[in-house]
Amino acid sequence: ATEGMVVADKNCSKIHYISSNIYCCGAGTAADTEMTTQLIASNLELHALSTGRLPRVVTANRMLKQMLFRYQGYIGAALVLGGVDVTGPHLYSIYPHGSTDKLPYVTMGSGSLAAMAVFEDKYKPDMEEEEAKQLVRDAIAAGIYNDLGSGSNIDICVISKNKLDFIRPYDVANRKGERYGRYKCERGTTAVLTENVAHLEIEVVDETVQTMDTS
Amino acid sequence: MEVGGARLPPPFWAGGPSPGAAYSPGGIGIGAGLRPYSGTLSPMVTGASVLGVKFEGGVVIAADMMGSYGSLARFRSISRLLRVNDSTVLGASGDYADFQYLTQVINQMVIDEELLGDGHSYSPKAIHSWLTRVMYNRRSKINPLWNTVVIGGFYNGESFLGYVDMLGVAYEAPTLATGYGAYLAQPLMRETLEKKPSLTKEEARDLIERCMKILYYRDARSFNRYEVATVTEKGVEVEGPLTLEANWDIAHLVSGFE
């Protein structure tokens, strides 16, 4: 997570829970992605209780886009929504102004071109799970190493009909280096020639006690 | 102490700006800043990305063959690669008119050098160095050549790949890409080179072709016809026009937006 040109959080979690079978990756304004996904997750849970069914990805998509459109792009949330429901696996990209795309592979954020280049190069329909995980890892890695707005590690969330793998981290792409030596200067490194302790004579003129209102 | 009507203060220097008046620095001669600006304000016919990759024994650079007029695909069979001499090639993106002017200047330079007949020819490093100075001096006069240039060559047994842009920013690297290529192609090129730092000619050609395809997929101002120039100790080989085979099979997986 970046704050201008400074890294604010070196290891923030960008894969947000929407429901047990639906997760959403958020790019753009961090507060917007967090709060928007939380709101829709909450409403979707209530909706699921009302319908008595497992929530569908298209429902989350519709709820997200209707909210984002209502705010005319002022909520800077660029989302990649994915999940598996009764109708099968689905993947959407949702833009801050509220448009959505339903595609086999999507990327969002400042590193999206680097990641998309990897997808366009290596994507094939009907890949195996391990192959797909490696491809997604390579796409995020392209963003990490070539985009200044991306960095640190790679998290992956694999959603299938009968299992959910939230792998954080999947790949530690940037390990913090080990410091080679101790650079502390021991006491005595700089010789103290003379020491002069001067007490500040403070006269207590007045003392009042005011109790704090803790009612 | 003078009391009376407020008089306009004199200009800062002879023929210079007066406070509050419009002034744009740059240009030569006295009063140049006061004259209306007459340089390249914005590019007209533009070329998209240029890619370059070094390999064992040479370099290969590629550029598509289109000149866009804004969002119009105006000229679809123009060459954006220039063969300078037997050891150097140059590819330009940005304003095509400025590239044509540059071509004229460079070709004349090469002729003049041949006329000298001293057995020397411009090395790719020399061309790169010269062009850097030209581009930087033009930008310093606020009249740039609106181009980003990739210079590739093979001289004295060493491959050369250099970049110069309209600001005079210049550097060398094992892989280069201008424009959208920097965002789409560079990550792929760097990944390939990281796995295998020294490529063969075929591998480099292959990499360039993969990257050109991805640019055609994702750069809205690119085109599927392109040229490739390879420079080795044997000289310059310009292949083209080549056509990219795009795979649109995933179209079958896309239906609607929800």
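Because the structure is predicted, anything quoted here is derived from the model rather than measured. Quick note on labels: first sequence line is chain A, next is B, and so on, each numbered from 1.
With a 6.0 Å radius and a threshold of 12 heavy atoms from other residues, nucleotides or ligands, Glu128(A) has its CD atom at or below the threshold. Residue-environment remark: CZ (Arg168(A)) exceeds the threshold of 12 foreign heavy atoms within 6.0 Å. Heavy atoms of other residues, nucleotides or ligands lying less than 6.0 angstrom from CZ of Phe166(A) number more than 12. No more than 12 heavy atoms of other residues, nucleotides or ligands sit less than 6.0 Å from atom CZ of Arg62(A). Heavy-atom contacts from other residues, nucleotides or ligands closer than 6.0 Å to NZ of Lys161(A) number 12 or fewer. For Tyr183(A), the OH atom is densely surrounded, since the number of other residues' heavy atoms within 6.0 Å is greater than 12. Crowding of Gln100(B) atom CD: a count of heavy atoms from other residues, nucleotides or ligands under 6.0 Å exceeding 12. When the shell of 6.0 Å around OH of Tyr123(A) is examined, it contains more than 12 heavy atoms from other residues, nucleotides or ligands.
Counting heavy atoms from C-beta outward, Pro125(A) and Leu253(B) have side chains that approach closer than 4.5 Å. A heavy-atom distance below 4.5 Å is found between the side chains of Pro104(A) and Val254(B).
To the nearest 0.5 Å, the span separating CG on Leu113(A) from OH on Tyr180(B) amounts to 6.5 Å. Between Tyr105(A) atom OH and Ile250(B) atom CD1 the span is 3.5 Å, to the nearest 0.5 Å. Note that the OH atom of Tyr145(A) and the CD atom of Glu194(B) stand 7.5 Å from one another [nearest 0.5 Å]. Note that CG of Leu207(B) is 9.0 Å distant from CG of Asp121(A), once rounded to the nearest 0.5 Å. Atom OG1 of Thr100(A) and atom CZ of Phe257(B) lie 6.0 Å apart (nearest 0.5 Å). Rounding to the nearest 0.5 Å gives a distance of 10.5 Å between OG of Ser110(A) and OH of Tyr183(B).
For the pair Ala117(A) and Ile214(B), the tightest heavy-atom approach, listed with the atom from each and the gap, is O-CD1, 3.6 Å. Shortest non-hydrogen contact noted between Arg190(B) and Asn146(A) is NH1-ND2, 2.9 Å.
Ion pairing between Glu120(A) and Lys213(B) fails under the 4.0 Å rule for side-chain N and carboxylate O.
Proximity to chain B (any heavy atom under 4.5 Å) is restricted, for Lys122(A), to the side chain, taken from C-beta onward. Of the two parts of Leu188(B), only the side chain, counted from C-beta on, holds a non-hydrogen atom closer than 4.5 Å to a non-hydrogen atom of chain A.
A donor-acceptor pair shorter than 3.5 Å can be found between the side chains of Glu258(B) and Asn61(A).
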